[in-house]
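The shown structure was predicted, so the numbers you read here are calculated from the model rather than taken from an experiment. We name chains A, B, ... by the order of the sequence lines, and we start the count at 1 in each one.
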Amino acid sequence: GDQVEQSPSALSLHEGTDSALRCNFTTTMRSVQWFRQNSRGSLISLFYLASGTKENGRLKSAFDSKERRYSTLHIRDAQLEDSGTYFCAAANYGNEKITFGAGTKLTIKP
Amino acid sequence: EAGVTQSPRYAVLQEGQAVSFWCDPISGHDTLYWYQQPRDQGPQLLVYFRDEAVIDNSQLPSDRFSAVRPKGTNSTLKIQSAKQGDTATYLCASSYRNTEVFFGKGTRLTVV
(Lines give C-alpha, C1' and ligand atoms only; values in the text may rest on other atoms or scores of the structure.)
Protein backbone atom coordinates (compact mmCIF):
# COMPACT_ATOMS: atom_id res chain seq x y z
CA GLY A 1 0.00 0.00 0.00
CA ASP A 2 0.91 3.69 -0.12
CA GLN A 3 3.71 4.45 2.30
CA VAL A 4 4.19 8.15 1.64
CA GLU A 5 1.29 10.58 2.11
CA GLN A 6 1.96 14.15 1.04
CA SER A 7 -0.10 17.22 1.94
CA PRO A 8 -1.53 19.49 0.78
CA SER A 9 -1.99 18.31 -2.79
CA ALA A 10 -2.12 21.92 -4.03
CA LEU A 11 -1.34 25.30 -2.51
CA SER A 12 -1.68 28.82 -3.86
CA LEU A 13 0.12 31.68 -2.10
CA HIS A 14 1.02 35.29 -2.64
CA GLU A 15 4.62 36.39 -2.88
CA GLY A 16 6.21 37.03 0.46
CA THR A 17 4.18 34.53 2.45
CA ASP A 18 5.42 31.41 4.22
CA SER A 19 4.27 27.83 3.68
CA ALA A 20 4.76 24.36 5.07
CA LEU A 21 4.53 21.08 3.19
CA ARG A 22 4.34 17.75 4.95
CA CYS A 23 4.96 14.09 4.28
CA ASN A 24 3.68 11.35 6.54
CA PHE A 25 5.01 7.82 6.35
CA THR A 26 2.96 4.76 7.17
CA THR A 27 6.12 3.04 8.40
CA THR A 28 9.46 4.05 9.86
CA MET A 29 11.75 5.38 7.15
CA ARG A 30 15.53 5.52 6.96
CA SER A 31 15.83 8.84 5.12
CA VAL A 32 13.84 11.40 3.17
CA GLN A 33 14.62 13.54 0.15
CA TRP A 34 12.72 16.59 -1.10
CA PHE A 35 12.56 17.55 -4.77
CA ARG A 36 11.10 20.34 -6.84
CA GLN A 37 9.94 19.44 -10.34
CA ASN A 38 10.12 22.29 -12.79
CA SER A 39 7.96 22.96 -15.83
CA ARG A 40 10.32 20.90 -18.01
CA GLY A 41 9.89 17.88 -15.76
CA SER A 42 13.34 17.88 -14.18
CA LEU A 43 13.51 16.72 -10.56
CA ILE A 44 15.82 19.03 -8.62
CA SER A 45 17.03 17.75 -5.27
CA LEU A 46 16.44 20.25 -2.47
CA PHE A 47 17.37 18.28 0.64
CA TYR A 48 18.48 14.82 1.67
CA LEU A 49 18.01 14.05 5.36
CA ALA A 50 18.78 10.99 7.41
CA SER A 51 17.84 12.92 10.56
CA GLY A 52 17.44 16.42 11.96
CA THR A 53 17.06 19.61 9.95
CA LYS A 54 18.73 21.33 7.01
CA GLU A 55 18.37 24.85 5.75
CA ASN A 56 19.26 26.46 2.45
CA GLY A 57 18.31 30.08 1.97
CA ARG A 58 14.55 30.41 2.29
CA LEU A 59 14.03 26.65 2.44
CA LYS A 60 14.20 24.51 5.55
CA SER A 61 13.44 20.84 5.99
CA ALA A 62 13.09 18.60 9.01
CA PHE A 63 12.89 14.85 9.47
CA ASP A 64 11.39 13.51 12.69
CA SER A 65 14.44 11.80 14.18
CA LYS A 66 12.59 10.05 16.98
CA GLU A 67 9.89 8.04 15.24
CA ARG A 68 10.94 8.74 11.63
CA ARG A 69 7.30 8.92 10.52
CA TYR A 70 7.12 12.42 9.00
CA SER A 71 9.07 15.22 7.34
CA THR A 72 8.34 18.87 6.62
CA LEU A 73 9.50 21.44 4.09
CA HIS A 74 9.15 25.11 4.98
CA ILE A 75 9.35 27.87 2.39
CA ARG A 76 9.88 31.35 3.79
CA ASP A 77 9.10 34.56 1.89
CA ALA A 78 7.82 32.75 -1.20
CA GLN A 79 8.97 34.03 -4.59
CA LEU A 80 7.48 33.48 -8.05
CA GLU A 81 10.32 31.10 -8.96
CA ASP A 82 9.28 28.77 -6.12
CA SER A 83 6.28 27.69 -8.17
CA GLY A 84 6.36 24.05 -9.16
CA THR A 85 5.50 20.63 -7.86
CA TYR A 86 7.26 19.48 -4.72
CA PHE A 87 7.80 15.81 -3.99
CA CYS A 88 9.11 13.98 -0.99
CA ALA A 89 10.63 10.54 -1.39
CA ALA A 90 11.45 8.21 1.47
CA ALA A 91 13.79 5.26 1.74
CA ASN A 92 12.90 2.08 3.57
CA TYR A 93 15.12 0.32 6.04
CA GLY A 94 16.74 -2.86 4.81
CA ASN A 95 16.81 -1.98 1.14
CA GLU A 96 17.37 0.88 -1.29
CA LYS A 97 13.73 1.16 -2.34
CA ILE A 98 12.61 4.80 -2.53
CA THR A 99 8.92 5.70 -2.58
CA PHE A 100 7.51 9.04 -3.71
CA GLY A 101 4.54 10.97 -2.45
CA ALA A 102 1.92 12.25 -4.88
CA GLY A 103 3.32 15.78 -4.77
CA THR A 104 2.23 19.29 -3.78
CA LYS A 105 1.56 21.69 -6.63
CA LEU A 106 2.64 25.12 -5.39
CA THR A 107 1.58 28.27 -7.19
CA ILE A 108 3.01 31.63 -6.15
CA LYS A 109 1.01 34.65 -7.25
CA PRO A 110 2.27 38.24 -7.53
CA GLU B 1 30.97 15.78 -12.08
CA ALA B 2 28.53 14.77 -14.82
CA GLY B 3 24.99 14.07 -13.74
CA VAL B 4 22.68 11.25 -14.76
CA THR B 5 22.28 11.23 -18.53
CA GLN B 6 19.23 9.87 -20.32
CA SER B 7 18.39 9.49 -23.98
CA PRO B 8 16.34 10.11 -25.93
CA ARG B 9 14.62 13.10 -24.34
CA TYR B 10 11.41 12.52 -26.27
CA ALA B 11 9.80 9.62 -28.11
CA VAL B 12 6.52 9.31 -29.99
CA LEU B 13 5.30 5.85 -30.94
CA GLN B 14 2.28 4.17 -32.37
CA GLU B 15 0.71 1.38 -30.33
CA GLY B 16 2.52 -1.87 -30.88
CA GLN B 17 5.92 -0.35 -31.55
CA ALA B 18 9.00 -0.99 -29.41
CA VAL B 19 11.28 1.59 -27.79
CA SER B 20 14.44 1.59 -25.69
CA PHE B 21 15.55 4.15 -23.16
CA TRP B 22 19.16 4.52 -22.14
CA CYS B 23 20.63 5.76 -18.87
CA ASP B 24 24.18 6.61 -17.88
CA PRO B 25 24.33 7.03 -14.08
CA ILE B 26 26.81 9.11 -12.12
CA SER B 27 30.19 7.40 -12.22
CA GLY B 28 30.71 5.13 -9.23
CA HIS B 29 27.06 4.97 -8.21
CA ASP B 30 26.13 1.41 -7.37
CA THR B 31 22.35 1.73 -7.35
CA LEU B 32 20.29 2.61 -10.42
CA TYR B 33 16.54 3.20 -10.51
CA TRP B 34 13.94 3.44 -13.25
CA TYR B 35 10.71 5.30 -12.48
CA GLN B 36 7.57 5.89 -14.53
CA GLN B 37 5.79 9.21 -14.01
CA PRO B 38 2.37 9.57 -15.62
CA ARG B 39 1.15 13.12 -16.11
CA ASP B 40 0.16 14.86 -12.85
CA GLN B 41 1.29 11.94 -10.69
CA GLY B 42 4.33 11.16 -8.59
CA PRO B 43 7.12 8.94 -9.91
CA GLN B 44 6.44 5.24 -9.48
CA LEU B 45 9.28 2.77 -9.15
CA LEU B 46 9.54 0.22 -11.94
CA VAL B 47 12.84 -1.52 -11.15
CA TYR B 48 16.13 -0.95 -9.42
CA PHE B 49 19.60 -2.48 -9.59
CA ARG B 50 22.52 -2.75 -7.26
CA ASP B 51 25.49 -3.06 -9.55
CA GLU B 52 24.36 -5.49 -12.29
CA ALA B 53 21.79 -7.33 -10.19
CA VAL B 54 18.07 -6.65 -10.28
CA ILE B 55 16.97 -6.09 -6.69
CA ASP B 56 13.29 -5.35 -7.19
CA ASN B 57 11.33 -5.54 -10.45
CA SER B 58 7.97 -6.34 -8.89
CA GLN B 59 6.33 -3.26 -10.44
CA LEU B 60 7.73 -3.85 -13.93
CA PRO B 61 5.05 -5.15 -16.36
CA SER B 62 7.11 -8.19 -17.27
CA ASP B 63 5.16 -9.12 -20.36
CA ARG B 64 6.22 -5.97 -22.21
CA PHE B 65 8.90 -4.21 -20.16
CA SER B 66 12.47 -5.31 -19.58
CA ALA B 67 15.48 -3.66 -17.98
CA VAL B 68 19.14 -4.59 -17.90
CA ARG B 69 22.36 -3.23 -16.44
CA PRO B 70 24.88 -5.80 -17.68
CA LYS B 71 28.15 -4.23 -16.46
CA GLY B 72 26.76 -2.43 -13.45
CA THR B 73 27.08 0.95 -15.16
CA ASN B 74 24.73 1.99 -18.00
CA SER B 75 21.19 0.64 -18.15
CA THR B 76 18.55 0.12 -20.81
CA LEU B 77 14.79 0.01 -20.27
CA LYS B 78 12.84 -1.49 -23.17
CA ILE B 79 9.13 -1.52 -23.93
CA GLN B 80 7.93 -4.11 -26.40
CA SER B 81 4.60 -3.42 -28.05
CA ALA B 82 3.82 -0.07 -26.42
CA LYS B 83 0.29 0.81 -25.30
CA GLN B 84 -1.35 4.22 -24.90
CA GLY B 85 -1.31 3.63 -21.14
CA ASP B 86 2.50 3.66 -21.26
CA THR B 87 2.44 7.39 -22.06
CA ALA B 88 4.52 8.94 -19.28
CA THR B 89 7.92 10.34 -18.45
CA TYR B 90 10.52 7.67 -17.70
CA LEU B 91 13.09 8.77 -15.14
CA CYS B 92 16.42 7.22 -14.33
CA ALA B 93 18.21 7.90 -11.05
CA SER B 94 21.34 6.73 -9.30
CA SER B 95 22.82 6.77 -5.82
CA TYR B 96 25.87 5.57 -3.90
CA ARG B 97 25.58 3.39 -0.81
CA ASN B 98 21.95 4.21 0.04
CA THR B 99 22.42 7.97 0.17
CA GLU B 100 21.15 10.91 -1.88
CA VAL B 101 19.48 10.04 -5.18
CA PHE B 102 20.15 12.03 -8.35
CA PHE B 103 17.79 12.06 -11.31
CA GLY B 104 18.27 12.46 -15.04
CA LYS B 105 16.07 14.79 -17.09
CA GLY B 106 13.83 11.94 -18.19
CA THR B 107 12.42 10.64 -21.43
CA ARG B 108 8.93 11.86 -22.30
CA LEU B 109 7.09 9.05 -24.11
CA THR B 110 3.86 9.54 -26.02
CA VAL B 111 2.07 6.51 -27.44
CA VAL B 112 -0.64 7.33 -29.97
Side-chain angles (χ1 to χ4, degrees), chain A residues 1-10 21-25 29-52 54 56 61 63 68 71 73 84-107, chain B residues 1 3-6 8-11 21 23 25-26 29-51 53-60 69 72 87-110:
Chain A
D2 292 333
Q3 293 186 306
V4 180
E5 300 164 352
Q6 202 168 339
S7 62
S9 57
L21 312 181
R22 184 175 174 109
C23 276
N24 290 327
F25 313 129
M29 293 295 189
R30 172 170 51 83
S31 63
V32 64
Q33 195 165 350
W34 284 90
F35 298 88
R36 178 171 61 235
Q37 190 163 44
N38 62 21
S39 58
R40 294 186 177 183
S42 294
L43 278 167
I44 300 160
S45 181
L46 301 174
F47 296 104
Y48 168 81
L49 298 105
S51 66
K54 286 189 178 179
N56 183 5
S61 183
F63 181 30
R68 314 183 75 80
S71 175
L73 176 67
T85 302
Y86 289 76
F87 291 99
C88 67
N92 295 67
Y93 278 101
N95 58 55
E96 300 103 325
K97 187 171 183 177
I98 294 171
T99 304
F100 277 76
T104 295
K105 186 171 184 178
L106 179 65
T107 304
Chain B
E1 177 182 84
V4 178
T5 305
Q6 289 187 247
R9 291 295 316 278
Y10 303 92
F21 309 134
C23 175
I26 292 173
H29 279 196
D30 53 354
T31 307
L32 185 147
Y33 303 85
W34 284 102
Y35 284 84
Q36 180 192 61
Q37 186 178 19
R39 189 177 178 83
D40 295 328
Q41 296 185 32
Q44 296 154 12
L45 182 67
L46 290 173
V47 58
Y48 78 93
F49 299 83
R50 186 188 309 123
D51 300 320
V54 173
I55 303 302
D56 186 341
N57 62 358
S58 58
Q59 301 305 309
L60 195 67
R69 193 186 185 200
T87 294
T89 297
Y90 291 82
L91 296 162
C92 178
S94 69
S95 71
Y96 177 69
R97 298 268 178 109
N98 292 354
T99 58
E100 188 172 4
V101 180
F102 296 87
F103 278 81
K105 293 185 177 181
T107 296
R108 189 172 295 182
L109 173 67
T110 303

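Contact annotation for Gln37(B): only side-chain heavy atoms (C-beta onward) come within less than 4.5 Å of a heavy atom of chain A. Using a 4.5 Å cut-off between heavy atoms, Phe47(A) does not touch chain B at all. Residue contact with chain B, scored on non-hydrogen atoms closer than 4.5 Å, is absent for Ala91(A). In this structure, the portion of Asp56(B) lying under 4.5 Å from any heavy atom of chain A is its side chain and not its backbone. Of the atoms belonging to Ser95(B), not a single heavy atom falls under 4.5 Å from chain A.
Within the 3.5 Å criterion, the main-chain N or O of Ile98(A) finds no donor-acceptor partner in the side chain of Tyr48(B).
Residues Glu96(A) and Thr31(B) share a closest heavy-atom pair of OE2-OG1, 3.8 Å. Annotation for Phe87(A) and Gly42(B): closest pair CE2-CA, 3.4 Å, computed over non-hydrogen atoms.
Under the 3.5 Å distance criterion, with hydrogens and angles disregarded, a donor-acceptor pair is assigned to the side chains of Glu100(B) and Ser45(A).
Considering only heavy atoms from C-beta on, Asn95(A) stays 4.5 Å or farther from Ile55(B) through its side chain.
In summary, the aromatic rings of Phe103(B) and Phe100(A) are positioned with their centroids under 6.0 Å apart.
Here Arg50(B) is the residue among Arg50(B), Gln41(B), Lys105(B) with the most heavy-atom pairs under 4.5 Å with chain A. Taking Arg40(A), Lys97(A), Gln37(A), Lys105(A) one by one and counting their heavy-atom pairs under 4.5 Å with chain B, the maximum is reached by Lys97(A).
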